[in-house]
Amino acid sequence: VPALSERLRHPVVLEDIRLNPFTFSLGLTGFEIQEPDRTPMLGFQELFINFEATSLVRSSYLFDEIRLTLPFGFVHLQADGKLNLLGLVPPPAQDEERPAPPKAEPSAKGAMPAVDIRLLSIQRGVIEYRDDSKKRPVEIDVVPIEVSVRNFSSKGGSESAYAFTAEFGEKEVLSWEGTFQVDPLESDGHVSLSHVGLNTFWPSLRDRFRFDILSGKLSVDARYHFDTRLSPVNLQMTEGKVQLADFRLSEAGSREPVLTVPSFGIDGISLDLSKRELGIGTVALSGADIRAWLDQDGVVNFKPLFAPVAATSEAATEPEPPPSDAGQPWKVAVQTVAVEKTQVEFEDRSLATPVALAFDDLHVTLKDVQVPFKGPFPAAAGFRLNQQGTFESNGTLRLDSLQVALALKLDHIGLRPFQPYLDRMVQ
């Protein structure tokens, strides 16, 4: 332990070591790597390893169990941008002037024995992240982390069942379960992200954007197949779902949302990476509230919100070359796009007398949308204007040659709010 402390230049603590030479088991208790001020940085409560003695006469290393209990890590990005974990990197050797020894010829050795682990588990893991390089410090805790892998093997063709869960906050859970094999690398499984608050991770990204995310809950669920036997890599996804709830977005530094989305979902997602095909069953938006305005310079307020923050490095003046467009284009097919119960408050401030328009009960339905665009598809849309007039349309759209065939119905549209547009042209 003292030698390890000297090598890492950090205090190291180890409470107990238990070794049983008859069962080939090893237990370490109370291990910590500490900051110079004795603050715990990395460690665990217990590490237990049970090595099978039969491995001595086998062609593989067999572990009956590897169990890690209460592992923890403190990741600290300091005010000067330095990461605390980099302090564990040993310094370069001092004897640089000494000539390097001649490289030994590689010896003809057999392949490394395979590794088999009947049970690999990580229990109650904790990761604490703190970023003091931002204007407002960021803190993220990931707890508890649970990992369980059964019958792991590095032998070709062998599959292992695994499970992984991590909790970011109350009811904010990342879970992953399925099977995988190492040689060749292949995996089938199910991954889900449940009710994760966007505010958990947004503070670490805030400085890169001109807007603030005030709230939002994200859920993702999908089944997948992945293998490296094909080129390009074969990745397939089925039964995919993405749900966004209670989402509110505002200008940076403001608490007044310009976009509120109570419910947004994408359902029935299927993906085939090798064929470059993406299928979507339904895209649904309900109850959204949008506040938009046109400034005197003719720019809609949302355009600067999503403009990237200007870089201060040389990369800002030397843009990267665009990626080469190799391979066939992506094909996207969406069965249904449905927008309902949405309202838009729009103000035209570019006029001498500003115009305020209120669109509510906005609803849009699109069917069988394909990219690249191909042929007409059914479309319907409508809204209520300024709480009295109504607009309804129904028909077909064709975007590849821009053709519109719609039946329109306008009823009780008030003309007086549009007077400021006429003032520029007529008396």
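- Not counting sequence neighbours, the partners of Asp212 by the salt bridge (charged side-chain N to carboxylate O under 4.0 Å, His left out) test are Arg206.
- The two residues Gln388 and Arg384 come nearest to each other via the heavy atoms N-CG, 4.0 Å.
- Counting only heavy atoms from C-beta outward, the side chains of Leu85 and Leu42 approach each other to under 4.5 Å.
- When all heavy atoms are compared, the tightest approach of Phe44 to Leu28 is CE1-O, 3.7 Å.
- The number of heavy-atom neighbours closer than 6.0 Å to NE2 of His76, taken from other residues, nucleotides and ligands shown, is above 12.
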Arg398 vs Thr396, side-chain contact (heavy atoms from CB on, under 4.5 Å): CA-CA, chis, key distance, verdict: CA-CA 7 Å; Arg398 181 165 184 165; Thr396 60; over 6 Å; no
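- Taking the side-chain contact (heavy atoms from CB on, under 4.5 Å) definition, one finds that Val12 meets it with Val1, Leu4, Ser5, Leu8, Phe31, Ile33, sequence neighbours left out.
- Taken from CG in Leu278 to CG in Leu273, the straight-line distance is 11.0 Å, to the nearest 0.5 Å.
- Note on Glu347 versus Arg291: no salt bridge recorded, every NZ/NE/NH1/NH2 to OD/OE distance being 4.0 Å or above.
- Screening Trp202, Phe302, Phe247 for a ring-ring contact (aromatic ring centres under 6.0 Å, His included) involving Phe211 leaves a single residue, Trp202.
- The distance from atom CZ of Arg9 to atom CG of Leu88, rounded to the nearest 0.5 Å, is 8.5 Å.
- Taking 4.5 Å as the limit, every side-chain heavy atom of Asn199 sits out of range of all side-chain heavy atoms of Leu214.
- Under the rule for a salt bridge (charged side-chain N to carboxylate O under 4.0 Å, His left out), the partners of Glu65 that lie at least two apart in sequence or sit in another chain are Arg67.
- Counting heavy atoms from C-beta outward, Leu294 and Phe346 have side chains that approach closer than 4.5 Å.
- A search for side-chain contact (heavy atoms from CB on, under 4.5 Å) contacts involving Pro137 returns Arg130, Asp132, not counting sequence neighbours.
- Within the 4.5 Å cutoff, the side chain of Glu139 has no heavy atoms near those of the Glu128 side chain.
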Atom pairs and distances, donor-acceptor, side-chain atoms in residues 404-421, under 3.5 Å, two or more places apart:
from, atom 1, to, atom 2, distance (Å)
Gln419, NE2, Asp423, OD1, 2.7
Tyr421, OH, Asp348, OD2, 2.8

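- Residue Thr390 holds its OG1 atom at 10.0 Å from CG of Asp361, rounded to the nearest 0.5 Å.
- Side chain of Asp297 to main chain of Val299: a donor-acceptor pair is present (N/O by atom type, distance under 3.5 Å, no hydrogens or angles).
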For Ile127 and Ile145, run side-chain contact (heavy atoms from CB on, under 4.5 Å): C-alpha distance rounded to whole Å, both residues' side-chain angles, the deciding distance at 0.1 Å, then the answer. CA-CA 8 Å; Ile127 295 178; Ile145 298 174; 3.7 Å; yes
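- A side-chain donor-acceptor contact under 3.5 Å links Arg210 to the backbone of Ala307.
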Under the side-chain contact (heavy atoms from CB on, under 4.5 Å) rule, what do Tyr129 and Leu77 come out as? Steps first, then yes or no, please. CA-CA 8 Å; Tyr129 173 79; Leu77 193 61; 4.3 Å; yes
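- Closest of all the heavy-atom pairs between Trp176 and Val191 is CD1-CB, 4.1 Å.
- When all heavy atoms of Ser25 and Asn50 are compared, the pair lying nearest together is CB-OD1, 4.0 Å.
- With a 4.5 Å cut-off on side-chain heavy atoms, Val242 and Leu218 count as touching.
- Here the side chains of Ile290 and Leu362 are not in contact, with every heavy-atom distance at 4.5 Å or above.
- Without hydrogens or angle criteria, Ser393 side chain to Ala381 main chain gives a donor-acceptor distance under 3.5 Å.
- Looking only at atom types and distance, the side chain of Ser175 has a donor-acceptor partner in the side chain of Ser192 under 3.5 Å away.
- Checked by atom type, the side-chain pair Ser270/Asp272 shows no donor-acceptor distance below 3.5 Å.
- Annotation: side chain of Val261 is in contact with side chain of Leu285 (closest heavy-atom distance under 4.5 Å).
- The structure places CG of Leu120 at 8.5 Å from CG of Leu68, a figure rounded to the nearest 0.5 Å.
- A donor-acceptor pair is defined here as one N or O able to donate and one able to accept, closer than 3.5 Å; no such pair exists between the side chain of Arg223 and the backbone of Asp188.
- Atom CZ of residue Arg349 and atom CD of residue Gln296 lie 9.5 Å apart, to the nearest 0.5 angstrom.
- Side-chain atoms of Gln403 and Ser401 include a donor-acceptor pair closer than 3.5 Å.
- Residue pairs meeting the salt bridge (Lys or Arg N to Asp or Glu O under 4.0 Å) criterion with at least one partner in residues 192-204, sequence neighbours excluded, do not occur; the list is empty.
- Screening residues 240-251 for side chain to side chain donor-acceptor pair (under 3.5 Å) gives Ser215-Arg248 as the qualifying pairs, with residues at least two apart or on separate chains.
- Within a 6.0 Å radius of CD in Gln335, no more than 12 heavy atoms belonging to other residues, nucleotides or ligands are found.
- For Ser187 against Thr179, the heavy-atom pair with the smallest separation is OG-O, 3.0 Å.
- Applying the ring-ring contact (aromatic ring centres under 6.0 Å, His included) test to residues at least two apart or on different chains, the pairs with a partner in residues 362-391 are Phe359-Phe383, Phe383-Phe391.
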Residues 337-344, side-chain donor-acceptor partners within the protein, below 3.5 Å, at least two apart:
from, atom 1, to, atom 2, distance (Å)
Thr342, OG1, Glu340, O, 3.2
Gln343, NE2, Asp289, OD2, 3.0

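- Scored by the side-chain contact (heavy atoms from CB on, under 4.5 Å) test, Glu35 finds His10, Asp37, Thr39, Met41, Phe74, Asn84 as partners (sequence neighbours excluded).
- Partners of Asp64 according to the salt bridge (charged side-chain N to carboxylate O under 4.0 Å, His left out) rule, which considers only residues two or more places apart in sequence or in another chain, are Arg118.
- Residues Val334 and Val283 approach most closely at CG1-CG2, 4.1 Å, considering heavy atoms.
- Between Leu305 and Leu259, the closest side-chain pair of non-hydrogen atoms is not below 4.5 Å.
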Are Phe63 and Val115 close enough, and set up right, to give a side-chain contact (heavy atoms from CB on, under 4.5 Å), and what steps lead you there? CA-CA 8 Å; Phe63 294 87; Val115 176; 4.2 Å; yes
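- Put simply, CD1 on Ile117 and CD1 on Ile66 are 4.0 Å apart, with the number rounded to the nearest 0.5 Å.
- Taking the side-chain contact (heavy atoms from CB on, under 4.5 Å) definition, one finds that Glu146 meets it with Gln123, Arg124, Pro144, Thr165, sequence neighbours left out.
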